[in-house]
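Remember, it's 1-based here, ligands and their atoms both numbered in the order they're listed.
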Amino acid sequence: MSDSLSNMSFLPLLKQDYERLQFTHMRDLFSQDAERVERYSLSVADLFLDYSKNRIDDDALAHLFDLAQTSGLEQAREAMFTGSAINNTEGRPVLHTALRYTGPDAVMVDGVDVMPAIREQRQRVADCAEAIRSGEWRGMTGEKICDVVNIGIGGSDLGPAMVTQSLAPYGRTGPKLHFVSNVDPVLIGDILADLNPATTLFIIASKTFTTQETLANAAMAKTWLMSGLGLSEQDDGWQQHMLAATARPETAKASGYRDEQIFSFWDWVGGRYSLWSAVGLPIAISIGSEAFSELLAGAEEMDDHFRSAPLKDNMPVILAVLGIWYRQFFASQSHAVLPYSQRLARLPAYLQQLDMESNGKTVQKDGSPSAWLTGPVIWGEPGTNGQHAFYQLIHQGNDIIPCDFIVSTTHEAPEHAQQHQILMANAVAQAEALMCGKSEQELKVELADSSLSPEQLELLIAHKTMPGNRPSNCLLVPELSPKVLGSIIALYEHKVFCQGVIWGLNSFDQWGVELGKQLASRILNEINAETPLDAACHDPSTQALLARLLQLRGNG
Ligand SMILES: O=P(O)(O)OC[C@H]1O[C@](O)(CO)[C@@H](O)[C@@H]1O
């Protein structure tokens with residue numbers, strides 16, 4: 001444990017809380033406390049969070065909030081909103097909150113108010129989106145754009161892909177959106193096979209404009225476009241079909257993009273926080289600029305709450321400390337996100353990057369090793385599908401896996417309300433089953449009339465007993481609107497931020513991803529036979545694997 005944290009007086013208190021609560025069943029906590037649900041739930045923006053099904057009591061929660069406060073969370077929160085360079089390994093502020101800020105205050109970075117530039121880019125994104133949607137923006141042959149292909153990976157893909165899928169009903173009047181991320185050419189190949197170059201627009205989304213996969217896919221797209229439009233390298237016209245969203249406009253320009261094709265953002269927008277910037281252009285094209293503003297407004301509402309609410313009444317802080325509680329004291333290695341909404345099918349993947357790229361670290365900001373168990377594995381699938389796949393392990397497996405159920409209370413198509421009720425019933429039932437479980441005693445009563453022999457009965461009861469006491473949060477949201485989705489995303493962004501602060505991490509760099517990128521460049525040269533295979537450069541396993549790969553592919 002870092003010195004600052006290990007010396008804190010309440011840590012032994014938290015340990016005592018754990019010792020008390022690890023053997024306490026939540027069923028008993030509920031039966032002793034008629035107001036538990038009321039106390040352990042809150043509404044923010046349009047979201048209602050019930051966190052009563054957690055293995056906590058007032059003392060444990062109070063100590064967790066003490067932990068948050070003593071870690072300097074309130075100061076760190078203010079430092080983020082006001083543009084301090086909290087990303088200390090890259091010397092940058094972290095200002096995705098400014099991208100959705102609509103108030104009158106300046107947000108200063110290096111003595112410059114960044115709000116005018118943000119407003120200008122917001123307007124450019126809105127104008128471009130509307131021009132494409134209305135048909136004012138035409139392709140080279142004068143036809144309206146029908147298909148928009150976003151080429152990007154990581155944060156330059158996951159946010160826009162998840163949001164456009166989640167808000168599909170709002171995107172019915174706009175062009176059709178497609179997302180190319182993987183460098184595997186089958187992805188882009190399959191998408192382009194069905195498209196017409198004359199009516200297709202590409203957005204190359206890359207903060208750095210150097211990402212290998214994105215540049216490879218962009219090159220493939222441009223070749224397809226030029227040949228489809230009958231253009232040669234020197235010809236103009238492709239510019240109406242290719243845009244760039246980047247924090248490196250000069251790199252895009254060096255690749256032939258003109259100013260009017262480039263939508264910029266800034267170094268202080270992390271890739272995994274970039275959907276609110278020009279990286280959100282495909283979202284605005286899909287759902288329209290007004291709905292895109294609503295998305296931002298939902299996030300801004302959550303920002304206001306996060307920035308001003310006391311820690312104990314603060315939704316992101318509550319989720320954060322609960323996560324730390326299970327990770328540290330119950331050694332929970334993973335956390336499941338279970339949206340009971342097919343539209344949110346990509347939310348777990350989006351949150352994987354947000355959370356695991358931010359807090360999948362063991363070194364603290366000051367360079368010392370963290371003695372805390374830090375970022376858990378984030379995973380999940382929409383309900384009810386997951387119920388028929390992995391819930392068995394959540395109910396009866398070894399580990400405690402805290403779950404977030406995200407349930408939309410209304411449905412976009414009233415004629416299918418009954419089916420939606422099945423969905424809701426399943427979400428509530430799973431949370432209840434996880435918490436209550438089924439005891440041996442209950443099973444004995446249930447099976448009393450069966451014709452089983454005592455031995456068979458004993459065996460069956462052993463298998464059917466469910467320990468319960470498995471924690472979950474339930475986030476109830478009204479119909480999935482842009483505003484509601486904006487609030488959900490910001491809620492998780494701030495949760496991850498709080499956990500990073502408490503763990504002492506820099507949540508805004510991702511050095512762990514770099515080594516693999518460097519090695520891939522060298523290995524690519526070897527595969528392309530531009531560099532000879534050099535045993536001194538690789539471990540024996542990699543060397544043998546590469547040699548075999550080259551041989552099997554016929555170049556050995
Ligand atoms: O937007 P870029 O610069 O192409 O980067 C794509 C992604 O690659 C990463 O740097 C690392 O995988 C992510 O953080 C980022 O979202």
Side-chain angles (χ1 to χ4, degrees), residues 86-96 99 121 125 149-164 179-184 187-188 202-222 242-255 257 261-283 346-361 375 377-378 489 492-493 496-497 500 505-521 524:
I86 60 169
N87 174 352
N88 67 319
T89 60
E90 296 176 305
R92 291 173 190 162
V94 172
L95 276 174
H96 46 279
L99 298 171
Q121 284 301 324
V125 165
V149 183
N150 188 75
I151 298 181
I153 198 161
S156 298
D157 164 73
L158 286 161
M162 180 274 287
V163 171
T164 49
F179 289 88
V180 172
S181 49
N182 199 335
V183 74
D184 186 336
L187 179 56
I188 187 165
F202 293 95
I203 300 171
I204 315 304
S206 176
K207 180 177 173 183
T208 56
F209 228 73
T210 55
T211 302
Q212 187 185 42
E213 296 96 317
T214 300
L215 295 187
N217 279 319
M220 196 164 152
K222 193 166 174 193
M242 276 192 126
L243 304 176
T246 182
R248 291 274 174 277
E250 64 291 353
T251 313
K253 271 194 208 170
S255 311
Y257 289 78
Q261 290 172 272
I262 301 173
F263 293 79
S264 317
F265 57 106
W266 305 272
D267 264 349
W268 38 261
V269 180
R272 49 196 174 274
Y273 303 86
S274 62
L275 73 90
W276 319 101
S277 72
V279 169
L281 178 59
I283 303 174
R346 291 291 283 161
L347 183 67
Y350 171 79
L351 294 180
Q352 270 175 347
Q353 189 205 18
L354 177 66
D355 199 314
M356 292 162 76
E357 200 167 67
S358 297
N359 288 341
K361 297 161 189 171
V377 174
I378 303 294
I489 300 170
Y492 279 99
E493 284 178 348
V496 169
F497 170 76
L505 305 173
N506 176 5
S507 302
F508 301 102
D509 57 13
Q510 56 282 321
W511 298 109
V513 192
E514 291 308 315
L515 177 60
K517 286 188 195 172
Q518 284 163 19
L519 296 184
S521 299
L524 179 62

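Using a cut-off of 4.0 Å between Lys/Arg side-chain N and Asp/Glu carboxylate O, Lys517 and Glu514 are scored as salt-bridged.
By the ring-ring contact (aromatic ring centres under 6.0 Å, His included) test, Phe209 is found to be paired with Tyr257, residues two or more places apart in sequence or in another chain being considered. Among residues two or more places apart in sequence or in another chain, the side-chain hydrogen bond (donor to acceptor under 3.5 Å, both in side chains) test is passed with Tyr273 by Ser358.
Under 4.0 angstrom from ligand 1, there are no non-hydrogen atoms of Arg248. Contact annotation for Val513 and ligand 1: only side-chain heavy atoms (C-beta onward) come within less than 4.0 Å of the ligand.
Which of Glu514, Glu357, Lys207 comes nearest to atom 13 (C) of ligand 1 through a heavy atom is settled by distance: it is Glu357. Remark: among candidates Gly155, Gly152, Ser181, Gly516, the nearest residue to atom 16 (O) of ligand 1 is Gly155, based on non-hydrogen atoms.
Nearest protein heavy-atom contact of atom 3 (O) of ligand 1 is Thr208 OG1, 2.6 Å. In this structure, the protein non-hydrogen atom closest to atom 7 (C) of ligand 1 is Ile153 O, 3.6 Å. In terms of protein heavy-atom proximity, atom 5 (O) of ligand 1 is closest to Thr211 OG1, 3.5 Å. Scanning all protein heavy atoms for the shortest distance to atom 8 (O) of ligand 1 gives Lys517 NZ, 4.2 Å.
Contact check for Ile378 versus Gln353: no side-chain heavy atoms found under the 4.5 Å cut-off. Under the 4.5 Å side-chain criterion, counting only non-hydrogen atoms from C-beta, Asn150 is not in contact with Thr164. Using a 4.5 Å heavy-atom cutoff, the side chains of Leu99 and Val269 are in contact. Between Ile188 and Val149 there is no side-chain heavy-atom pair separated by less than 4.5 Å.
Residue-to-ligand polar distances keep Thr214 apart from ligand 1: every N/O pair is separated by 3.5 Å or more.
If you number the atoms of ligand 1 from 1 as listed, the ones under 4.0 Å from a heavy atom of Ser206 come out as 1 (O), 2 (P), 3 (O), 4 (O). For ligand 1, the atoms sitting less than 4.0 Å from at least one non-hydrogen atom of Gly154 are 16 (O), numbered in the order shown with element in parentheses.
Around atom CZ of Arg92, more than 12 heavy atoms belonging to other residues, nucleotides or ligands sit under 6.0 Å away.
Put simply, no part of Glu213 is less than 4.0 Å from ligand 1, judged by heavy atoms.
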